[in-house]
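Encoded as structure tokens, the structure appears first; notes follow it.
Hydrogens, waters and symmetry mates play no part in the numbers below; they use all other heavy atoms, side chains included. Whatever order the structure lists ligands and atoms in, that order sets their numbers, starting from 1. We count residues from 1, following the sequence as given. Bear in mind the structure is a predicted one, so any value in this text is a computation, not a measurement.
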Amino acid sequence: MDMEASCTPTHWQALTHHRQQWQKQLRQLFHDDSERAGRYSLQAGPLFLDYSKSHLDDTTLQLLLNLCEHQQLDSAITRLLHGAEVNNTEQRPAWHTALRYRANSVIPEPSVHAEVKATQAKMRAFVEQLHNQQWNGFDGDTITDVVNIGIGGSDLGPRMVCRALSDYHRPGLKVHFVANIDGAEIHQVLQGLNPATTLFIVASKSFTTLETLENSTTARNWILTAGCPENQLRQHFVAISTNIAKATSFGIDPDNIFPMWDWVGGRYSLWSAIGLPIALAIGWQGFEELLNGAATMDEHFASAPAADNMPVILALITFWYSQFWQARSQAVLPYCHQLQRFPDFLQQLDMESLGKGVDRHGQPLAYHTGVTIWGTEESNGQHSFHQLLHQGTQMVPVDFIASLMPNHPHTHQHRELLACCLSQSQALLDGKSLQVATQELLDGGKTADEAASLAPHKVIPGNRPSNTLLMERLTPEALGALIALYEHKVYVLSVLLDINAFDQWGVELGKQLGTRIDQALQCGTLPEEWDGSTRQLAEKILSARD
Ligand code: F6P
């Protein structure tokens, strides 16, 4: 059910009415207003957003901005940036912006600043020790490989950033990632490594996550089996956690623990010590540049009026389509091989934050909240799922992302990549009419009858919306700004939807049941109260094991 069906305050009614009246074709909007592209574009730090290929005009924006006012978005932004308890079900702030706070920021110096700085100093010292080959493994050789063991927010952010910034990696130290409970992943990663020169980062905010603890135990056994004495394990394990006691009792030397705080949400944590693998991969200065880029977006978010505020505009567009155009998914398509993991990262950021069924006060919602986020590196998707974008029956809004300059020497391929990107947003907008399709067939030598029967298959409706985000070049700074842009977009959506973006209770049930099922599989007795399907599947697992 859409929001307007159950909530009918004036703002909703006005938007519903506006949507019902909306007849305008995108092509016509450009035809009627030669300034449209410029009027519906924004620059924020290193990012340029063209949202002119959207189904909106000034009236649409005004109606959506009225809603922002009604939801007191301004004060919600201030509350977020000033460390108020925006995560009301866990009574804590979501203060990731404090981790990238800069002296020239519009945000007042947070009281936590000293703690953040102390942790960053510890991270920096560690990074420099490894880069200067001053950290030796158990047989005296310097560390050449670092394996980050973590999952969810303790994996997706650092993994995505390390992949995105591979052109900036320092030589001599390789960073690897292990997340999955499936032993195949750690098995594969360890196969290529030398235990004597490998260091593990156990990244877990809670230090209770099954996957991370199991993989860390496997890693520890691997090092011990290779001949590392127990008292040298400290040369091979560091941890990042809020749970110092658990990390210590797992066997991590307290000096090797990098703290984080409960006010950093898992999916917002790459700016904290969870970003250690990033700093190891690209160096401390690169990590600072990443933080700077995010801080630039924070300042923009804090100070730009809503109508010129990039995260707000992106959120309003998604809100408009999801509530009033029945859009149930959003494609994010980076025309950039290096950003291949960006959609995966965004899935957690957006779907774990906005996949909620009750409002901030626990009342069931009668409207849709989060949409499905999906995508892949381009131009690969053009030869796969773009067919559905162009001719499928549902409208899927798209965010295209591209950099103007490549980080490689094959400039003609980069030009072709950008041409592919523009071709897709243009094809979505223009489509192909029956008349053009018919004429093309006739020109190609088909008879009138043949053309008439084939042409409907070749019609592309067009009038499908997209945003395009451009950056000069994929640098740590531009990437920092891009990530912060989507973080803030998600927050704005949560304010409009009146939900808590910072908890994830739905994930907990699977964790609880997983532990119980594993216990039953271990002892071989399946509880009577289980449903028939789960029992049947568990019996198959048990008999395969036997
Ligand atoms: O599985 C959900 C989740 O709670 C995420 O929100 C979090 O990022 C991830 O697990 C990992 O948690 P931790 O860092 O505590 O191991």
For W530, what residues pass the side chain to side chain donor-acceptor pair (under 3.5 Å) criterion, not counting sequence neighbours?
-> none

Could I get the full list of side chain to side chain donor-acceptor pair (under 3.5 Å) partners for T78, not counting sequence neighbours?
-> none

Between F258 and F126, is a ring-ring contact (aromatic ring centres under 6.0 Å, His included) present by the stated rule, with each step listed?
-> CA-CA 10 Å; F258 296 83; F126 177 71; 5.5 Å; yes

Could you please provide the protein residues found below 4.0 Å of ligand 1 on a heavy-atom basis, arranged by chain and number?
-> I151, G152, G153, S154, S204, K205, S206, T209, G266, Q348, E352, Q504, V507, K511

Greater than 12 external heavy atoms within 6.0 Å of Q72's CD | no

Let me have the donor-acceptor pairs involving side chains of residues 243-250, under 3.5 Å, with sequence neighbours excluded, atom names and distances please.
{"unit_1": "N243", "atom_1": "OD1", "unit_2": "K246", "atom_2": "N", "d": "3.1"}
{"unit_1": "N243", "atom_1": "ND2", "unit_2": "S206", "atom_2": "O", "d": "3.1"}
{"unit_1": "T248", "atom_1": "OG1", "unit_2": "I244", "atom_2": "O", "d": "2.6"}
{"unit_1": "S249", "atom_1": "OG", "unit_2": "A245", "atom_2": "O", "d": "3.4"}
{"unit_1": "S249", "atom_1": "OG", "unit_2": "K246", "atom_2": "O", "d": "3.2"}

N-O pairing of E487 and R100 below 4.0 Å | yes

